[in-house]
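Each remark here refers to the structure printed beneath this line.
These values consider heavy atoms only, across backbone and side chains, with no hydrogens, waters or symmetry-generated copies.
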Amino acid sequence: LSLEPTKLHQRERGRLLVLDGASGVGKSTLALTLLADPELDLRFVRRYTTRLPRPNDSEEGNYHFVSPETFGRFVRRGELAEYRHFEFGMSYGLPKREVSRILTQGHNALAIINLGNIVQVREHYPDSIAILITASQETIERRLRARGLEEEKIQERLANARLAARLAHLYDTVLDTDSVGVEEATALLKSFLVKCLRST
């Protein structure tokens, strides 16, 4: 008879897993594949954003779409674990209430955050596991242009991407998606996360 837990979620409190990286490095694709793995027992934390929905956005997608006024109220009330205001009037932020709800239920929470804001996140969740996803400027630009973004927004995101190398020391590991395919990247991330979660 084994007394060892058979699943990673058999604990009193879950952990927050954070995927970070510039726009266009593949965070959302990796998040979807990790969420589909029952062993990791992940629950996705949808961010608030003031940007307008795109045609491929769904009600159950990555975001809660809110007005700038509502987003500002969340900031003033201290309801966001991290947030950032970008040029062209777009803001993104991670809701503390949703993260805490998932963790206290004993599940692991998976979140995507604004590049470099892991310091703010760890002020609220010190044991969070942070992974930085990177890619080449060429790959990022190609993916951004495929989204049909305006040139000014593409250049803003490319400028943000150039900051990633300076931030690598803040994370538990770094994954370069240029060097591996989606399946291999997912396998590498899962192996890393299983080790982290079983060490708690």
Inset, instruction - May I ask you to say whether Arg143 pairs ionically with Asp178, meaning some side-chain N is under 4.0 Å from a carboxylate O? - result: no
Legend entry - Partner of Asn114 under side-chain hydrogen bond (donor to acceptor under 3.5 Å, both in side chains), chosen from Glu82, Arg84, His85: Glu82
Legend entry - Those residues that, when tested against Arg157, pass salt bridge (Lys or Arg N to Asp or Glu O under 4.0 Å) (two or more places apart): none
Legend entry - Listed partners of Ser191 passing side chain to side chain contact (heavy atoms under 4.5 Å, CB included), at least two apart: Lys195
Inset, instruction - With the side chain counted from C-beta on, respond yes when Arg122 and Val18 share a heavy-atom pair under 4.5 Å apart, and no when they do not. - result: no
Legend entry - Non-neighbouring partners of Thr49 that pass side-chain hydrogen bond (donor to acceptor under 3.5 Å, both in side chains), sequence neighbours left out: none
Inset, instruction - Output the distance between atom CD1 (Ile102) and atom NE2 (His107), rounded to the nearest 0.5 Å. - result: 8.5 Å
Legend entry - Validation row: Asn117, Asp20 side chains within 4.5 angstrom (heavy atoms): no
Inset, instruction - Kindly say whether Leu197 contributes a backbone atom to a donor-acceptor pair with the side chain of Arg15 at under 3.5 angstrom? - result: no
Legend entry - For Glu98, all residues meeting salt bridge (Lys or Arg N to Asp or Glu O under 4.0 Å), sequence neighbours excluded: none
Legend entry - Straight-line distance of Ser23 OG to Leu115 CG, nearest 0.5 Å: 10.0 Å
Inset, instruction - Determine whether Leu188 and Leu35 fall in the same hydrophobic cluster, where Ile, Leu, Val, Met, Phe, Trp and Tyr are linked whenever their side-chain heavy atoms lie under 4.5 Å apart. - result: yes
Legend entry - Gln155 CD to Leu149 CG distance, which is reported to the nearest 0.5 Å: 11.0 Å
Inset, instruction - Could you check if a side-chain atom of Asn62 sits within less than 4.5 angstrom of a side-chain atom of Ser28, using non-hydrogen atoms only? - result: yes
Inset, instruction - Give the minimum heavy-atom separation between Asp172 and Ser128, together with the two atoms involved. - result: OD2-O, 3.8 Å
Inset, instruction - Kindly give the heavy-atom pair with the smallest separation between Leu30 and Ala185, and that separation in Å. - result: CD2-CB, 3.7 Å
Inset, instruction - Answer with yes or no whether the hydrophobic clustering places Leu80 together with Ile112; edges join I, L, V, M, F, W, Y residues whose side-chain heavy atoms lie under 4.5 Å apart. - result: no
Legend entry - Atom pair CZ (Arg13) and OG (Ser100), whose distance is rounded to the nearest 0.5 Å: 6.0 Å
Inset, instruction - Indicate if Val75 and Met90 have the same hydrophobic cluster label, given that clusters are the connected sets of ILVMFWY residues with side-chain heavy-atom separations under 4.5 angstrom. - result: no
Legend entry - Single-linkage hydrophobic cluster Ile133~Leu34, side-chain heavy atoms < 4.5 angstrom: yes
Inset, instruction - Go through the steps to decide whether Asn108 and Ile129 satisfy the test side chain to side chain contact (heavy atoms under 4.5 Å, CB included), and finish with yes or no. - result: CA-CA 11 Å; Asn108 300 311; Ile129 303 167; over 6 Å; no
Legend entry - Those residues that, when tested against Arg77, pass side chain to side chain contact (heavy atoms under 4.5 Å, CB included) (two or more places apart): Arg73, Glu79
Let me check something: any side-chain donor-acceptor pairs from residues 161-168 under 3.5 Å, sequence neighbours excluded? List them with distances.
unit_1 : atom_1 : unit_2 : atom_2 : d
Arg162 : NH1    : Gln137 : OE1    : 3.2

Legend entry - ring pair (Phe, Tyr, Trp, His ring centres under 6.0 Å) partners for Tyr171, two or more places apart: none
Legend entry - Test item: Leu170 and Leu132 side chains (from C-beta on) under 4.5 Å apart, heavy atoms: no
Inset, instruction - Please name the residue in the list Leu40, Leu42, Leu193 that meets the side-chain contact (heavy atoms from CB on, under 4.5 Å) test with Leu110. - result: Leu42
Legend entry - Heavy-atom pair of closest approach, residues Ser91 and Phe71: CB-CE2, 3.5 Å
Legend entry - Residues in side chain to side chain contact (heavy atoms under 4.5 Å, CB included) contact with Ala111, at least two apart in sequence or another chain: Leu16, Val45, Leu94
Inset, instruction - For Tyr92 and Arg51, indicate whether the former's side chain and the latter's backbone hold a donor-acceptor pair under 3.5 Å. - result: no
Legend entry - Nearest heavy atoms of Ala135 and Asp176, plus distance in Å: CA-OD1, 3.9 Å
Inset, instruction - Just jot down the side chain to side chain contact (heavy atoms under 4.5 Å, CB included) partners of Glu150, sequence neighbours excluded, or say none. - result: Glu152, Lys153
Inset, instruction - For Arg145, check salt bridge (Lys or Arg N to Asp or Glu O under 4.0 Å) against everything at least two apart and list the hits. - result: Glu141, Glu151
Legend entry - Listed once per pair and sorted, the ring-ring contact (aromatic ring centres under 6.0 Å, His included) pairs that draw on residues 14-55, sequence neighbours left out: Tyr48-His64, Tyr48-Phe74
Inset, instruction - Answer yes or no: is there an ion pair linking Glu39 with Arg198, defined by an N-O contact shorter than 4.0 Å? - result: yes
Legend entry - Option from Asp37, Leu17, Leu175 for which side-chain contact (heavy atoms from CB on, under 4.5 Å) with Leu189 holds: Leu175
Inset, instruction - Any chance you could measure Thr177, atom OG1, to Lys27, atom NZ, to the nearest 0.5 Å? - result: 10.0 Å
Legend entry - Residue list, side-chain hydrogen bond (donor to acceptor under 3.5 Å, both in side chains) with Thr134, at least two apart or on another chain: none
Legend entry - Same apolar cluster (I L V M F W Y, side chains within < 4.5 Å links), Val66/Ile113: no
Legend entry - Arg97, CZ atom: more than 12 neighbouring heavy atoms under 6.0 Å: no
